[in-house]
Amino acid sequence: EMVTNAIPFVWREDDDFKQRINTFTGEEEELILCYKHKVNNIRDGAISFSYFKLEEDELVVYTKNRPYLTIDSDLENDPFVSRSVLVKGVNSLNFKYTISNYTNKVEEIEFADIFEKNDDNETLQRFDIPLAILCSIEFNDETTETFMYRTNGNSLFERRGDWNYFDET
């Protein structure tokens with residue numbers, strides 16, 4: 001549910017709200033995302049933030065209702081963070097991120113090991129999230145499970161019927 005309900009979330013950092021931070025972080029072995037869910041209580045709201053990582057031989061997720069702007073090494077002692085073990089007996093964890101590129105009027109999907117938030121010159125910043133996230137888990141017995149989850153917050157790429165993204169002129 002967390003990955004399939006992932007949505008973009010931008011945090012405004014400074015007093016005049018000009019500094020914006022994309023809270024999504026996609027690395028090869030770690031994933032931080034914002035996701036929507038039903039309201040369990042008014043105080044917590046309808047969105048949460050999750051941090052997936054491998055700890056020893058366990059795939060764990062840390063969840064809280066505030067963005068992970070920095071990763072504190074003391075997550076287990078944070079009273080606002082809950083820790084859940086998703087699976088035990090994990091040897092390795094690998095995420096890949098799908099990115100849609102439009103070149104020569106052809107829609108192409110590429111897999112990236114890291115979801116880059118900035119361009120090479122660090123002049124443009126991305127505020128979107130990947131179209132889908134591929135997760136591969138290799139277990140200690142050398143079996144592998146691979147899952148691909150479509151994210152929720154990419155309506156630019158959703159369509160029904162004929163659709164032409166490009167201006168034909």
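Side chains are part of it too, since the values below use all heavy atoms of this structure and drop only hydrogens, waters and symmetry mates.
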With Tyr149 via side-chain contact (heavy atoms from CB on, under 4.5 Å) - residues at least two apart: Val3, Thr4, Phe147

Glu145 side chain reached by Phe139 side chain, heavy atoms, under 4.5 Å: yes

All side-chain contact (heavy atoms from CB on, under 4.5 Å) counterparts of Val61, not counting sequence neighbours: Met2, Ser50, Phe52, Thr63, Ser84, Leu86

More than 12 heavy atoms from other groups under 6.0 Å of CD on Glu30: yes

Contact check, side chains of Arg83 and Glu58, non-hydrogen atoms, under 4.5 Å: yes

Qualifying residue, where the test is side chain to side chain contact (heavy atoms under 4.5 Å, CB included) with Cys135 and the options are Leu93, Asn94, Leu31: Leu93

Residue Lys53 excluded, over 12 heavy atoms near NZ under 6.0 Å: yes

Asp57 and Lys88 ion-paired at < 4.0 Å: no

Other ILVMFWY residues reachable from Phe80 by side-chain steps of under 4.5 Å: none

Sub-4.5 Å side-chain heavy-atom contact between Ser48 and His37: yes

Any donor-acceptor pair under 3.5 Å from Asn22 side chain to Asp128 backbone: yes

Heavy-atom closest pair, residues Phe115 and Pro130: CD1-CG, 3.5 Å

Thr98 and Ile133, any side-chain heavy atoms less than 4.5 Å apart: no

same_hphob_cluster(Leu33, Leu134) at 4.5 Å side-chain heavy-atom cutoff: no

Non-neighbouring partners of Tyr68 that pass ring-ring contact (aromatic ring centres under 6.0 Å, His included), sequence neighbours left out: Tyr51

Inter-residue atom distance Thr143.OG1 - Asn91.CG, 0.5 Å rounding: 10.0 Å

Val87-Leu54 co-clustered via ILVMFWY side chain contacts under 4.5 Å: yes

Closest approach of Lys36 to Asn152 (non-hydrogen atoms, all atoms of both residues): CE-ND2, 3.1 Å

Heavy-atom side-chain contact between Phe111 and Tyr97 under 4.5 Å: no

Distance, nearest 0.5 Å, that separates CD1 of Ile114 from OG1 of Thr25: 11.0 Å

Straight-line distance of Leu59 CG to Ile137 CD1, nearest 0.5 Å: 5.0 Å

Pairwise distance CH2(Trp11) to OG1(Thr23) - rounded to 0.5 angstrom: 9.5 Å

Heavy-atom neighbours of Arg66 CZ exceed 12 at 6.0 Å: no

With sequence neighbours excluded, residues passing ring-ring contact (aromatic ring centres under 6.0 Å, His included) with Phe95: none

Interatomic distance, Met148 atom CE to Leu131 atom CG [nearest 0.5 angstrom]: 10.0 Å

For Phe49, all residues meeting ring-ring contact (aromatic ring centres under 6.0 Å, His included), sequence neighbours excluded: Phe9

